[in-house]
Amino acid sequence: KEKVAITKEQDALMKLIVEAYNKHQIPQDVAKKLLQEQYSTEENFLLLTEIATSQVQVLVEFTKNIPGFLSLDHEDQIALLKGSAVEAMFLRSAQVFSRKMPEGHSEVLEERIRKSGISEEFITPLFNFYKSVGELHMVLEEQALLTAITILTPDRPFVKDQPAVERLQEPMVELLKKLCVLQHPQEPQYFARLLGRLTELRTLNHYHAEMLTSWRVNDHKFTPLLCEIWDVQ
Ligand SMILES: CC(C)NC(=O)n1c(-c2ccccc2)cc2c1CN(S(=O)(=O)c1cccs1)CC2
């Protein structure tokens with residue numbers, strides 16, 4: 001059985017990705033607001049809008065720190081960001097949700113998300129996803145790499161130079177595979193389970209598009225950044 005070892009280059013790549021991932025967290029004040037303000041549906045929706053908007057800004061900064069991303073074709077950079085924004089948001093939500101929170105906080109958080117104007121048919125897959133990510137107990141490195149791998153998905157709509165994106169994504173997938181073997185030696189199928197989450201994420205894209213139409217008919221307003229990244233209005 002060959003010894004799995006992280007090379008010097010892989011260690012350097014991982015440090016860059018984790019550093020970028022750590023640098024861009026959700027501002028604590030927004031998370032605190034989630035736990036303080038009153039419970040109206042409208043209030044909850046506005047809070048989620050605020051959190052989602054700040055998360056998109058966080059996502060753009062993280063993406064810019066992915067080695068090689070800024071040397072991609074500029075239009076492809078935009079196509080990758082727009083193509084992965086929703087998945088990256090749901091992945092980040094699941095990670096925030098599965099993090100140890102002070103007593104009672106995740107219940108409040110869940111309650112607010114359930115009472116934010118999102119229709120029941122989307123709430124179920126949403127929380128199923130949060131749960132399935134939570135059960136993996138991902139370490140920070142795995143979370144950061146999985147987010148980078150999601151962003152560097154070559155077959156997003158309108159990506160012209162897919163091989164260039166594959167060349168960036170490939171080393172990340174290799175590194176994540178090694179990390180999983182090192183972090184979860186007792187669970188050889190762990191890496192496959194992680195990639196399975198990415199497949200589940202893609203289904204959430206569809207739900208999200210449906211959510212947007214149902215919100216638009218109820219005249220919900222989004223921020224210009226969310227409209228831009230989601231191609232709405
Ligand atoms: C951390 C960020 C990325 N999470 C986030 O924005 N959440 C969270 C969430 C999950 C865990 C902790 C804190 C927040 C739940 C939901 C969203 C956003 N969406 S949305 O983008 O469709 C939306 C935008 C405007 C109105 S609804 C709906 C569901």
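Computed from a predicted model, the values in this text were never measured in an experiment. As the structure lists them, so they are numbered: ligands from 1, and atoms in each ligand from 1.
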Would you check the N or O atoms of His208, main chain and side chain alike, for any that come under 3.5 Å of an N or O of ligand 1?
yes
Those residues at least two apart in sequence (or on a different chain) that pass salt bridge (charged side-chain N to carboxylate O under 4.0 Å, His left out) with Lys178 are none
Within a distance under 4.0 Å of any heavy atom of Ile118, pick out the atoms of ligand 1 and give their elements.
28 (C), 29 (C)
Check Ile113 against ligand 1 and report side chain, backbone, both or neither, counting heavy atoms closer than 4.0 Å.
side chain
Just jot down the ligand 1 atoms closer than 4.0 angstrom to any heavy atom of Phe97, in number order.
11 (C)
Would you confirm whether Thr153, through its side chain, and Arg156, through its main-chain N or O, come within 3.5 Å as a donor-acceptor pair?
no
Verify, without hydrogens or angle tests, whether Asn65 (side chain) and Glu61 (backbone) share a donor-acceptor contact under 3.5 angstrom.
yes
For ligand 1, the portion of Leu109 having any non-hydrogen atom under 4.0 Å away
side chain
Under a 4.0 angstrom heavy-atom cut-off, which atoms of ligand 1 come close to Ala52?
6 (O), 21 (O), 24 (C)
Establish, yes or no, whether a centroid distance under 6.0 Å links the rings of Phe122 and Phe127.
no
Can you list everything that forms a salt bridge (charged side-chain N to carboxylate O under 4.0 Å, His left out) with Glu110? Sequence neighbours excluded, please.
Arg114
Under a 4.0 Å heavy-atom limit, does Met89 contact ligand 1 with its side chain, its backbone, both, or neither?
both
Check ligand 1 against Phe45 and write out every atom of the ligand that is under 4.0 Å from a heavy-atom position of the residue.
26 (C)
Check for me whether the distance between the ring centres of Phe129 and Phe90 falls short of 6.0 Å.
no
For atom 16 (C) of ligand 1, which candidate among Phe222, Tyr130, Tyr207, Phe127 provides the closest heavy atom?
Tyr130
